[in-house]
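These notes are about the structure you will find just below.
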Protein chains: 2
Amino acid sequence: MKVKSDQSCEYKRYAFACLLCSLVVNIVLSYFVIVGKKCSLSWSQSAAAEAEAVALISCSGHGRAYLDGVVVDGKQVCECNTCYHGPHCSTYIPHCPADVNSGDPTFLEPYWMKNAASSAVVVAGWHRMSYIFSDHSYTSQELEKSIHRLHSIAGNAVTEGKYVVFGTGSTQLLNAAVHALSLDNSSTPSKVVVSIPFYPAYKVQTEFFATEEYEFDGDVSSYTNNSGDSVNAIEFVTSPNNPDGKLKKAVLKGPSAKAIHDHAYNWPHYTAISSPSDEDLMIFTLSKLTGHAGVRFGWAFVKDKVVYERMSTYTDDNTFGVSRDIQLRALKLLNVVLDGDGRSLFKYAYEIMKNRWESLSRTVALSTRFTIQDIAPSFCTFFQNVRGPSPAYAWLKCEREEDEQCYQVLQAGGILGRDGTLFGASSRYVRLSLIKYQDDFDQLLQHLNKLVLQEEGATRDNI
Amino acid sequence: MKVKSDQSCEYKRYAFACLLCSLVVNIVLSYFVIVGKKCSLSWSQSAAAEAEAVALISCSGHGRAYLDGVVVDGKQVCECNTCYHGPHCSTYIPHCPADVNSGDPTFLEPYWMKNAASSAVVVAGWHRMSYIFSDHSYTSQELEKSIHRLHSIAGNAVTEGKYVVFGTGSTQLLNAAVHALSLDNSSTPSKVVVSIPFYPAYKVQTEFFATEEYEFDGDVSSYTNNSGDSVNAIEFVTSPNNPDGKLKKAVLKGPSAKAIHDHAYNWPHYTAISSPSDEDLMIFTLSKLTGHAGVRFGWAFVKDKVVYERMSTYTDDNTFGVSRDIQLRALKLLNVVLDGDGRSLFKYAYEIMKNRWESLSRTVALSTRFTIQDIAPSFCTFFQNVRGPSPAYAWLKCEREEDEQCYQVLQAGGILGRDGTLFGASSRYVRLSLIKYQDDFDQLLQHLNKLVLQEEGATRDNI
């Protein structure tokens, strides 16, 4: 009986131990089931998995696969940055020129990859099918609120007491503004003027869409001898300026002078914020703020009600307002910018732009052949300190007498900039974009260094 | 000992039973953990969960909550259909008029809710930040391919050998086409003409954006006495027509006659497809095809290269092409339409439209006061049978002599249509939209039935 009793005890112990183990396993598994529950999704799951699979396609850090990219063998292919090719963008193309022509703000891509979770948007198949929002407008109230909050954090614009117009990119708003400001029953067309150097789209767009109410008339300085009152002109004021990053004020004064303040670059990334801009018509764009040029979203603050209504009519008759998908995406992105203290994007972007400017400046400092614009350090209300320059573009000048065609000089040296003549300036100038991918900037520096090292003067005097 | 042994047996049995239960639980939990694993997502998970949470907000089938809707107490609020209110849109507003004014194609919302999984899109924070696609264009190749496939399934347009222009809604393309066709160095502006009744936006838009090259000139019939050659005119041809659903051909003939074929409604939902349209300039829109008016996407097929280039320049200078987000969403939606044999959306949409038309016709048949347009059954190459009418709008006429202001007659009866005079027609006509939510259609029928029942003639002769 002793044996049997012992055996029984033994069994009991085994059984108890097994039960205990099993219960522990139960608890552990229950935990995973409960935690797992959090990720249990229904209709959105396959779209999410699809997006993550595309994001995992390796393009060696020199390219990217996109959900709507060309599909080969059932998989989206890598779209490589300039100077890289191959199925994984891993092959560098030797002697490839640096393409720093466009203002593609892709330098901010890494920021969005770091903030992947907060910046993703899931759009349901039935999302906002209607033309209108519930308040019968074409515009999202939540997006408008976020825009106001953003400006109050950046301190770059007085938005209170002004109407807001949304645009399919600021591009649409530029012409909407010209249109709105020109409708004053004047017998002669309004003259649309700029100060040189100026963003080429002003000329191209104004000439393309010209009506009987307005026409492009180039340089504002030809008007400065007239009194402001008699001038029937609309002035584009780009501050900070594209291409040279200079802070600008309207040249034309007087009660009848009209100005469109293009503040695309008026963010702490690119310039010291001295005080909030408080102009009658100010235009901003998501493109240069968050880097999402492809989304096509811009907004304008307009003081005058009639001008606001005309601009709204323009966007309504042109495109029935701004796509509800664009507005949803912009809202999500701006809310990421506003996360926490709302300063992280600005800090990140400024650091990159400042470093790029410093690198470029070091190279140009070795040269007597090339110069770039001078921007003085200045106190920034956003950073609460005196900060150095961090412009979006370098406005490079070829100083040698024989280098009159600066674009060609740089092109021969493997740098594709944008010809100064397109900005209304001399062909001695070229705009170099500093806001593209790191790859593009690295290639620019590499080619510029080579050019500078070829200078006799540079090698003798400075190295 | 017997008792003890029995007790021991009992214990063993209990222990064994517990162990068995626990092991079964283990197996079940393991299954959930393994199955749960399949949904393991990383960065897209919270966005997906957020979208699903919004989709779960109950609005009683009479409204919808949206991701970018107004947030109250941390949750998006319901946006209610017309005539419903309350936090869950569960309260019907008595004596509420039927709003059948706009062409909001929300009748297709249930289709997208049924196809929730395949139609969802997850947009990564870094999705297509650049202005350009990898081929340096502003347009998605994959989207263009899907559009071609779609037309070949619907059999509604010959797309081979034509250029494609994308637009921010077909609205943008309408004016782009006018602009492109008017640039012929003529000394007098091109006359933009229409046949009555016509879609009001042609007039509103053409007048708003008029340049020195073109002007709106109303009814095409005033030109039919001239020879086509001498007429410097651009004709809008809407087929099927908005508002009356009639199939139209260009009125102006001859080598210099120019026409813009607006084919917004040229889909099997709304009309029998007799043969693929093969016009020089044809415009389509996502809005009336999939019901996504809010996305703002349209496309044009253009035969002439110069016209194509001018239209492209228009969209480029106006909005830098079409938002990459719009293109991604359109691609996803069109690919759902193309799923399987690519016929399911058309069948679904046709059934609804046919049923609505039949219901409306039954009511109007009881009336001597109101008539609607007559559309003869016709052979449809898509359905391969003779099919009855299913137009997007009813073009209602008030027949009584005293009912000259038909809009007001209907308004007094609780129906808000769109006044015939806006379409260039008599005030005896009103357009009633049949493509809105089922709620809107139900309310229309309810009010119309009431109006018809009030007719003396109807009650005496027909009931």
Side-chain angles (χ1 to χ4, degrees), chain A residues 8 15 18-19 22-23 25-26 29 32-33 36 39-41 43-48 51-52 68 79 104 106 109 112-113 116-117 119-126 128-131 134 140 142 168-169 171-172 205 208 211 291-296 317 319-320 323-326 328-329 331, chain B residues 8 15 18-19 22-23 25-26 29 32-33 36 39 41 43-48 51-52 68 79 104 106 109 112-113 115-117 119-126 128-131 134 140 142 168-169 171-172 205 208 211 291-296 317 319-320 323-326 328-329 331:
Chain A
S8 176
C18 285
L19 185 59
S22 181
L23 287 172
V25 171
N26 273 340
L29 287 173
F32 280 114
V33 169
C39 89
S40 80
L41 295 167
W43 55 267
S44 67
Q45 195 176 304
S46 63
E52 294 206 0
D68 57 357
E79 303 184 12
D104 234 355
T106 39
E109 194 193 70
W112 297 104
M113 304 199 78
S119 62
V121 192
V122 173
V123 190
W126 59 87
R128 296 233 180 261
M129 294 177 66
S130 169
Y131 287 104
S134 59
S140 157
E142 292 297 305
T168 305
T171 309
Q172 186 185 35
Q205 190 190 55
F208 189 85
T211 69
H292 292 86
V295 173
R296 314 301 314 126
D317 288 352
T319 54
F320 260 106
S323 162
R324 317 316 167 239
D325 290 67
I326 293 179
L328 171 64
R329 183 102 192 275
L331 175 66
Chain B
S8 173
C18 286
L19 185 59
S22 181
L23 287 172
V25 172
N26 273 340
L29 288 172
F32 280 115
V33 168
C39 83
L41 295 166
W43 55 267
S44 66
Q45 195 175 303
S46 63
E52 294 206 1
D68 56 358
E79 303 184 13
D104 233 355
T106 39
E109 195 193 70
W112 297 104
M113 304 199 78
N115 290 281
S119 62
V121 192
V122 174
V123 190
W126 60 87
R128 295 230 179 265
M129 295 178 65
S130 169
Y131 288 104
S134 58
S140 156
E142 292 297 304
T168 304
T171 309
Q172 186 184 36
Q205 190 190 55
F208 188 85
T211 68
H292 292 85
V295 173
R296 316 300 314 125
D317 287 352
T319 54
F320 261 106
S323 160
R324 318 313 168 241
D325 290 66
I326 294 179
L328 171 65
R329 183 101 192 276
L331 175 66

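What's counted below: heavy atoms across the whole structure, side chains too, no hydrogens, waters or symmetry copies. Chain naming here is simple, since letters A, B, ... match the order of the sequence lines and numbering starts at 1 in each.
- For the atom pair B/Phe208 CZ and A/Thr211 OG1, the distance stands at 9.5 Å (nearest 0.5 Å).
- Contact count against chain B (heavy-atom pairs under 4.5 Å) is highest for A/Ser44 among A/Ser44, A/Ser46, A/Ser119, A/Ser140.
- Here A/Arg296 is the residue among A/Glu79, A/His292, A/Arg296, A/Gln172 with the most heavy-atom pairs under 4.5 Å with chain B.
- Checked by atom type and distance alone, the side chain of B/Arg128 never pairs as donor or acceptor with a backbone atom of A/Ala293 at under 3.5 Å.
- For the pair B/Glu109 and A/Trp126, the tightest heavy-atom approach, listed with the atom from each and the gap, is CG-CB, 3.9 Å.
- Among all heavy-atom pairs drawn from A/Val295 and B/Ser323, the shortest one is O-OG, 3.0 Å.
- When all heavy atoms are compared, the tightest approach of B/Gln205 to A/Asp317 is NE2-O, 2.9 Å.
- With a threshold of 4.5 angstrom between heavy atoms, A/Ala124 approaches chain B through N, CA, C or O but not through any side-chain atom.
- Interface check for chain A: of the options B/Arg329, B/Glu52, B/Met113, the most heavy-atom pairs under 4.5 Å are formed by B/Glu52.
- Summarising the geometry of A/Trp112 relative to B/Met129, their closest heavy-atom pair is CD1-CE, 3.6 Å, with the distance given to 0.1 Å.
- Interface residue B/Ser130: backbone and side-chain heavy atoms are both found under 4.5 Å from chain A.
- The main-chain N or O of A/Thr319 is never found under 3.5 Å from a side-chain atom of B/Thr171 such that the two would form a donor-acceptor pair.
- Formation of a donor-acceptor pair under 3.5 Å by the B/Asp104 side chain with backbone atoms of A/Tyr131 is found in this model.
- Residue B/Ala116 comes nearest to A/Trp43 through the heavy atom pair CB-CB, 3.6 Å, listed as atom of the first residue, atom of the second, then distance.
- For the pair A/Asp325/B/Val123, no side-chain contact is recorded, criterion being any heavy-atom separation below 4.5 Å from C-beta on.
- Only the side chain of A/Ile326 comes within less than 4.5 Å of a heavy atom in chain B; its backbone stays farther off.
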